[in-house]
Amino acid sequence: MVKRLRMLPVHLLLWVILSMMLFPAVVMVSTSLKTFEEIFSWPPTWIPDNVQWENYIRVWFGEYQFSRPFFNSVFISSVTSLLTVLFAFPAAYALSRFSFQGREYLLIYHVNDSDVLAGCVNRWIVSIGSEL
Amino acid sequence: MVRKIRLWFSPETSPFFYLLPVFLFMGLMVAYPIGRMFYLSMTQNILTRPDLGVTFVGLDNYIALFNSADFWRTIERTVGWTVISVVGKSLIGFCIAWLLAKKIAFKRFYLFLLLIPWVTPMVVGAVAWRWVYDGQYGMLNWLLMEAKLLAEPFAWLGHKGSAFFATAIVDMWHGIPFMAMIFLAGIQAIPEQLLESADIDGASPVQRLCYVILPLMKPIIVVATMLSIIWTFNSFGIIWPLTKGGPVDATEILIINAYKRSFGAFDLGMGAAVTMVIFLLLLLFTAVYYRFMMKQENF
């Protein structure tokens, strides 16, 4: 019991930090269940007065046509992970099994992790497409 | 000779064929675009002015950039924003890792909660935060007003100073789980005996942290902060949905600047020059930081 009480400050601190971290997520969930009018009410409510589960149904079947972008995302993320594993697996094997010159420099490609660069690649592919 | 060549290419003795696919792919998707960016950065290529055509101008774009006071301010702003965000992420992440490394109940539950900001897609998180920060109906205003810390609603993203910190906080929010997980793995990898012997020698918790835990975690801290700095420097996905670089230019970091030049003003030459500056800055930083931090390791 004493031991448990000793850990109480740790739990309290974790709860404080985590509740701050989850604040926007809770706002997001709560807003998703509100009617349009209730979103713009003041003071805001945490638990909506009448919970709108049909928001989710409307997003999927209604005028927003969410299903297409959703399946696009599923497609893109699965192909990306598949390709990443396909290319990274042998490379990781090489990095762990062999020692060769310049091994540590392979880390450096992270520098290129930029969205604008990706945008340019995109444009490049598009421009190849239009030249054909 | 033939034997030697065979040794070079044999899958048993050489990494050649394991690395070949990655190199081909990276060559196509990374090296080629960088080369093309470099070429673009030395041209005058404004898509909205086809009458000017594409002309090779050498280093003129870079000279124009470095002569512009605005550009230097953007660099300063980017560095400041990155430092604030990465320091915040690392400190808070370390605190969380430190707390979670203790033998406590509900550890898995806390870990699950911790990962929520991380699995939230960047743009989704940013949009949720924009709603939190909203000047009229934002939950943050409501919370602060309930706590009597704020008299009337405040548009957090509508003022220069507050927008700068507000976007940095969103970036921290998104990066904290990664840092916490990495640091947690680092702390847990420290052998129990070392901590015990520190205890027996009468080390205070602070001494234990400074002389045992932190030095042992140094390689992890170096790599984690380095990756985090690179990601934060290019934190387009957070800032663009929140403020698009505004108000005025308060949150316009280099990557936003490059995007606005390339796809807002369609000045591909100048946009490419900014991207090259980002690229070279990060390349230089990575090389120096890694070398410097890892060299001290040998003492």
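Not measured: the values here are computed from a predicted model. Letters go in sequence order (proteins before strands), and every chain restarts at 1.
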ask   = Does the side chain of I104(B) reach to within under 4.5 Å of the side chain of L14(A), using non-hydrogen atoms?
value = yes

ask   = Does any heavy atom of chain B fall under 4.5 Å from the side chain of F89(A), the backbone, both, or neither of them?
value = neither

request  = Identify the heavy atoms of L99(B) and L13(A) that sit nearest to each other, and give their distance.
outcome  = CD1-CB, 3.8 Å

inquiry  = For the CD1 atom on I47(A), are there more than 12 heavy atoms of other groups (residues, nucleotides or ligands in this structure) within a distance under 6.0 Å?
reply    = no

key: chain B contact via I17(A) - side chain, backbone, both or neither, heavy atoms under 4.5 Å   = side chain

task = Please report the closest heavy-atom contact between Y18(B) and P90(A), naming both atoms and the distance.
result = CB-O, 3.2 Å

inquiry  = To the closest 0.5 Å, what do you measure between OG1 (T31(A)) and CE (M139(B))?
reply    = 6.0 Å

query = By a 4.5 Å heavy-atom criterion (distance strictly below it), what part of F109(B) contacts chain A: side chain, backbone, both, or neither?
reply = side chain

note = Whatever's closer than 4.5 Å to a heavy atom in chain A on M145(B) counts as side chain

request  = Evaluate the criterion side-chain contact (heavy atoms from CB on, under 4.5 Å) for residue pair M20(A) and W173(B); output intermediate values, then yes/no.
outcome  = CA-CA 9 Å; M20(A) 282 197 274; W173(B) 174 79; over 6 Å; no

ask   = Is there a side-chain contact between M26(B) and F87(A) (heavy atoms, below 4.5 Å)?
value = no

inquiry  = Within a 6.0 Å radius of atom OH on Y56(A), are there more than 12 heavy atoms belonging to other residues, nucleotides or ligands?
reply    = yes

request  = Report, as yes or no, whether the 6.0 Å neighbourhood of atom CZ on F70(A) holds more than 12 heavy atoms from other residues, nucleotides or ligands.
outcome  = no

message = Under 4.5 Å from any heavy atom of chain A, what part of P21(B) do you find: side chain, backbone, both or neither?
response = both

request  = Starting from the C-alpha separation in whole Å, work towards a yes-or-no answer on side-chain contact (heavy atoms from CB on, under 4.5 Å) for F23(A) and L143(B).
outcome  = CA-CA 11 Å; F23(A) 181 60; L143(B) 214 67; 4.1 Å; yes

ask   = Which bit of Q136(B) is near chain A, if near means a heavy-atom gap under 4.5 Å: side chain, backbone, both or neither?
value = backbone

task = Would you name the heavy atoms of P24(A) and A128(B) that are closest together and state the gap between them?
result = O-CB, 4.1 Å

request  = Mind listing the closest non-hydrogen atom pair of A25(A) and I116(B) along with its distance?
outcome  = CB-CG2, 4.2 Å

message = Which atoms of Y110(B) are under 4.5 Å from chain A, going by heavy atoms: the side chain, the backbone, both sets, or neither?
response = both

task = Check whether any side-chain heavy atom of M28(A) sits under 4.5 Å from a side-chain heavy atom of T120(B), and report yes or no.
result = yes

Atom CH2 of W53(A): over 12 foreign heavy atoms under 6.0 Å = no

Part of W131(B) lying under 4.5 Å from any heavy atom of chain A = side chain

query = Side chain, backbone, both or neither: which part of V124(B) has a non-hydrogen atom closer than 4.5 Å to chain A?
reply = both

task = Could you pull out the closest heavy-atom pair between M7(A) and K103(B), with the gap in Å?
result = CE-O, 3.9 Å

query = Can you check side-chain contact (heavy atoms from CB on, under 4.5 Å) on I176(B) and M21(A), steps first, answer last?
reply = CA-CA 9 Å; I176(B) 285 170; M21(A) 301 267 299; 3.7 Å; yes

